Amino acid sequence: MSIQVTFIGHACVIIEISGIRILCDPHLHPTFSSGLFTYFPARDVDIAELPNPDLIFISHRHRDHYNLASLALLDRSVPVICAADLEILYGLEKLGFKDINPITDWEEISLENVTLVFTPSLYRVPEHGLLALGESGAVWNMVDTMIDHAEAIRCKRRIGARKLDLLLWPYQPLMETHAPTNRLISFPVNHFRRQLEVVRVLQPKAVVPYSDGQFGVGGTAWLNHFKFPVSSGNGAAAARWVAPDCEIFEPHPGGIISIDQGTIAKRGSAPFVKAIASSPADRQFDTTQQVPPLSNHNLPGDLKLTWSIEELTQRILKAWRKIGGDKSLQPYLQASARWRVTYRILLVTEEVNHSVELSFQCGKESESRAHGRRTTEDNYAQVRVLAGVLQAIFEARLHFVAAFLSGLLRSSEMVYRVTKNGVETPLILRDGTKEEPEHADTILCPVTLLNHLVGSQASIARSVVDREIERSLADHEQR
Amino acid sequence: MSNLEVASIGHLGLGCATQESAVFVDPFVEGTSSLRPLQLIDTMDPVTEARFGAVALTGLSANLADYRSLERLLPGRHLLGPQDVIKGLPLGLRSQAAKVTSCEAWTPHRHGSLRFTFTPGAKGYDWGVLIQSGNQCVWNLGNSLTTVSICAKVATLIEAPQLAWIDGSFHQNFHVASRGPSAFPYDRLRMILAQAKLLSQLGWADILIHGGLYPMGRASWKQHFEWPIPKEKLLVDLRNHVPGQRFLSPECGMWTSTSGEPASVMNPLAIKTSSPEVLFDPTIGIPPILADGTCTEAVPETIKRNLSGQSGRGLGEVVDALTRWQIVIELREVSSSGTRVWWISPKDNALIVCSEEPTSDEQLINQFIAAFSASGLQRFLSGTATAERLALEDHLRISSHPFSLTSQGLQTPTYHGALSEKSPSADQSCRLPAPLTTISVLAPGV
């Protein structure tokens with residue numbers, strides 16, 4: 001029995017192995033996250049013709065992988081395997097999925113003639129790849145996972161004496177958070193080297209460089225130029241460099257790759273996926289492009305501010321008081337006090353900007369004050385956000401991560417002190433990898449702080465999911 | 001012998017004077033349409049101005065050799081500078097000086113009672129100048145990066161180290177919009193502190209901080225990226241790093257003796273403060289490159305002509321580097337009516353220009369994007385503005401993030417040449433000319 005892999009777009013694929021059809025990270029609509037993102041290449045999915053999956057796999061919570069609107073279209077009796085993430089589990093339960101199976105690193109599930117191995121990731125959010133081992137071959141869908149050399153070796157050992165037939169390879173070191181957070185943009189050599197190392201260790205028969213299809217639209221399209229530092233051609237050239245015998249396939253929407261008795265080939269296209277002609281021009285990595293100022297222009301209409309600035313400020317201060325008592329955050333907040341950090345949340349409106357300044361001193365928040373000249377003692381960490389966007393996040397109409405990944409939060413920080421030894425800086429906790437060190441002098445980056453502020457309203461994360469489900473079901477009914 | 005006195009005259013410019021002689025060093029006294037010093041000389045009384053008989057230049061970069069200031073000050077004066085600086089100055093400008101002295105490194109030259117010795121920097125193209133009168137000395141490091149061995153050589157030329165001027169500006173202007181948004185420049189701060197510590201350890205009694213330009217006109221948005229910390233904070237940082245050392249940041253136009261005390265041989269120079277006091281705030285965003293001028297069909301021909309006029313090592317080095325790193329230059333000409341693109345790639349030890357993007361099956365191609373305003377490209381190709389000047393004025397932005405795959409694995413380059421931040425001693429195996437150096441080979445040869 002052959003293996004068949006069907007590409008639907010971005011990281012949404014169907015893997016059919018030993019008679020079992022696994023739908024991975026289902027994404028069946030043209031846009032996602034309140035219309036802030038779309039896919040390239042564009043495609044249209046005929047949901048009525050989509051073959052019923054035997055299993056659904058959700059790799060992690062990011063909305064280009066965990067799409068409630070797509071899950072709402074699927075049969076709730078289909079078993080779901082997913083990362084052990086409360087946000088995913090809550091959404092699946094709420095949608096009415098009955099057979100939900102959270103997984104752990106290297107957990108294995110055997111189904112008739114196929115074994116599914118859930119590979120780990122170094123990222124901080126719970127996340128897995130899916131290694132499918134069947135009689136007719138082995139396919140590894142890495143999704144967005146990043147692993148080190150030791151884990152690549154472990155994966156190779158698990159595959160055994162045979163070669164990996166097909167690697168779905170997330171080759172892009174995504175950089176969309178660098179421009180909005182004002183971090184130096186240089187080629188992320190360590191990240192790309194690590195992704196190449198997987199190909200070098202595994203020496204797969206075929207590689208599909210993929211998971212690079214999500215793009216901002218409208219007011220967030222500018223960020224596409226700061227996202228993908230490796231062109232698809234260079235990704236393929238690099239894979240071929242480290243694994244000279246491997247064949248490279250492009251993941252065209254609807255394209256099917258089959259593995260039959262060791263032969264890997266393109267096999268027509270799926271009738272339920274229709275590719276739509278679209279221009280790839282705006283994905284070129286290009287730091288000469290603009291970083292437009294925050295503005296409501298070109299954003300969905302429901303991101304406009306309807307609260308008063310005072311109301312929004314009070315919400316922030318209330319949340320700040322709450323996180324001041326959060327034990328898990330105490331080390332970071334105390335470190336920020338030692339480093340004399342003032343967190344500044346700059347609320348942008350059409351008329352005037354308003355600054356809320358927060359500094360941790362024995363659990364007390366400072367008063368909100370004007371955006372003024374700094375003293376020689378101050379360190380600061382600033383996040384600039386459209387007031388309407390922050391309101392939408394507080395009201396659970398917009399997911400914080402979606403706002404961040406679409407460039408709607410801008411930050412910078414200046415935190416240092418000079419001693420006889422030179423310039424000393426604290427570690428700054430960002431949404432990075434598990435292997436990034438932390439110690440007593442770790443402070444929160446302003447975006448992470450803001451995430452805690454909105455997340456400290458305990459119901460927010462669930463409310464976001466509730467809203468997304470509500471909207472998805474309403475859309476579904478309308479159709 | 002009268003006392004040697006020195007005054008900041010804006011940005012990295014100095015006035016140096018004794019009773020008998022007075023010299024401008026790197027004068028930036030005009031404030032061009034695109035750059036202005038934080039403080040600059042507004043007026044000089046004619047008697048004072050007439051006493052300045054010479055101009056010394058330590059570099060060719062736009063913040064040291066300000067053409068408008070030189071047009072005003074060179075006529076009738078003696079021009080001194082290192083050979084490569086004098087050679088790189090436009091002939092029309094150079095010829096306005098009454099006398100030109102092209103100086104060898106470490107060789108003293110005189111102007112009246114003042115003795116000048118140009119001191120090389122660690123980067124190879126950067127210079128400082130040691131100014132002496134009798135046993136008094138002032139060492140202006142200009143844009144140069146100094147080392148223990150350079151300091152040791154300076155020590156052999158002087159009786160005792162007295163007054164040193166170092167550049168306390170952050171040079172963010174050069175980098176914004178070519179590297180994307182801007183992080184706080186910790187590396188530059190470290191460099192300033194390291195220079196200060198080295199001078200302190202070698203006994204320089206007073207270390208003076210100067211420097212500061214801000215962009216105007218179309219590039220004025222860069223003001224938000226230019227001044228990460230106020231000068232007072234930099235002084236606090238310096239004092240924390242080197243306790244006990246005297247650091248000063250004298251007001252522009254005020255004369256100081258070599259012992260760091262106020263002096264009075266010369267009249268105070270009238271100054272005006274032109275700082276817009278804009279807060280450092282990179283979250284504000286970066287506008288698109290301004291489209292002005294019109295595209296021309298002559299670009300390929302002009303580039304071919306310019307390339308054929310290039311000689312020597314520079315072009316060969318760039319062609320070799322582009323070949324090694326598999327780099328294709330995407331030259332954009334941005335006008336109000338649209339963008340025209342040309343591709344320049346190395347072939348057979350030369351550069352070829354074409355209107356079609358080169359393709360290569362599964363071969364690595366590193367893109368080097370040079371986006372010019374159409375008017376900027378015309379100025380660049382005709383030799384009336386350097387790449388550096390255009391980058392400062394936001395007529396040019398560059399995006400280049402190459403990598404290579406070699407037997408040693410995945411590698412990224414170490415830049416060298418103008419405006420690179422690494423010293424030439426850094427990893428030799430990955431050398432690549434800095435982006436502005438690379439693009440400069442397309443301009444007419446000097």
Side-chain angles (χ1 to χ4, degrees), chain A residues 178-190 192-193 196 225-226 229-231 233-234 236-242 248 284-294 346 371-378 382-384 409-423 425, chain B residues 177-184 186-187 189-190 193-194 197 228-230 232-243 277 279-289 330 332 359-367 369-371 396-403 405 409-413:
Chain A
H178 282 239
T181 55
N182 283 290
R183 277 181 286 161
L184 194 65
I185 296 181
S186 56
F187 186 80
V189 62
N190 289 335
F192 192 51
R193 187 175 282 148
L196 274 178
H225 292 294
F226 296 87
V230 183
S231 68
N234 281 359
R240 184 61 68 74
W241 179 269
V242 294
I248 308 285
Q284 183 183 26
F285 194 75
D286 178 3
T287 53
T288 71
Q289 294 286 340
Q290 65 170 325
V291 179
L294 286 179
L346 195 61
H371 190 185
R373 190 175 164 78
R374 287 163 206 132
T375 71
T376 54
E377 301 289 331
D378 281 350
Q382 171 174 298
V383 59
R384 178 184 286 263
L409 307 173
R410 311 284 175 81
S411 72
S412 74
E413 61 264 333
M414 181 199 83
V415 186
Y416 73 91
R417 64 178 166 231
V418 174
T419 67
K420 286 182 193 174
N421 298 326
V423 179
T425 53
Chain B
S178 282
R179 288 190 187 163
S182 173
F184 180 83
Y186 294 108
D187 286 348
L189 177 62
R190 287 190 175 99
L193 296 176
K197 191 166 204 166
I229 52 173
E232 308 85 70
K233 181 161 171 61
L234 179 60
L235 286 170
V236 170
D237 290 343
L238 284 161
R239 287 167 191 147
N240 286 338
H241 188 51
V242 196
E277 288 283 327
L279 211 60
F280 180 75
D281 185 0
T283 64
I284 208 147
I286 296 174
I289 189 165
E330 182 181 326
R332 292 197 197 138
T359 53
S360 178
D361 284 346
E362 291 193 14
Q363 287 289 310
L364 191 71
I365 295 181
N366 282 305
Q367 272 171 326
I369 300 167
L396 167 63
R397 296 181 186 178
I398 289 174
S399 175
S400 177
H401 305 87
F403 67 89
L405 296 156
L410 180 68
Q411 291 190 316
T412 49

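What you are looking at is a predicted structure, and each value in this text was computed from that prediction instead of being measured. Here is the naming used below: chain letters follow the sequence lines, and residue numbers restart at 1 for every chain.
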- Query: Say you draw a straight line from OH of A:Tyr416 to OH of B:Tyr186; how long is it, rounded to the nearest 0.5 Å?
  - Reply: 8.5 Å

- Interchain contact, B:Leu238 with chain A, by part (heavy-atom threshold 4.5 Å): neither

- Message: With a 4.5 angstrom heavy-atom cut-off, is it the side chain or the backbone of B:Ile369 that approaches chain A, or both, or neither?
- Response: both

- Exercise: identify the closest heavy-atom pair between A:Asn234 and B:Asn366: ND2-OD1, 4.0 Å

- Item | Interface moiety of B:Arg332 toward chain A, non-hydrogen atoms closer than 4.5 Å | side chain

- So, A:His225 side chain and A:Phe285 main chain: donor-acceptor pair closer than 3.5 Å or not? no

- Got a donor-acceptor contact below 3.5 angstrom from the B:Lys197 side chain to the A:Lys420 backbone? yes

- Task: May I have the step-by-step check of side-chain contact (heavy atoms from CB on, under 4.5 Å) for A:Trp241 and B:Leu364, ending in yes or no?
- Result: CA-CA 10 Å; A:Trp241 179 269; B:Leu364 191 71; over 6 Å; no

- With B:Thr283 via side-chain hydrogen bond (donor to acceptor under 3.5 Å, both in side chains) - residues at least two apart: A:Gln382, A:Arg384, B:Asp281

- Query: Checking heavy atoms, do the side chain of A:Pro292, its backbone, both or neither come under 4.5 Å from chain B?
  - Reply: backbone

- Item | Largest heavy-atom contact set with chain A, pairs under 4.5 Å, which of B:Pro402, B:Gly285, B:Pro288 | B:Pro288

- Query: Does any heavy atom of chain A fall under 4.5 Å from the side chain of B:Pro243, the backbone, both, or neither of them?
  - Reply: side chain

- Task: Look at B:Leu193, B:Ile289, B:Leu189 and state which one has the largest set of heavy-atom pairs under 4.5 Å with chain A.
- Result: B:Leu189

- Task: Just give me the residue among A:Leu409, A:Leu294, A:Thr425 that pairs up with chain B most often, heavy atom to heavy atom, under 4.5 Å.
- Result: A:Thr425

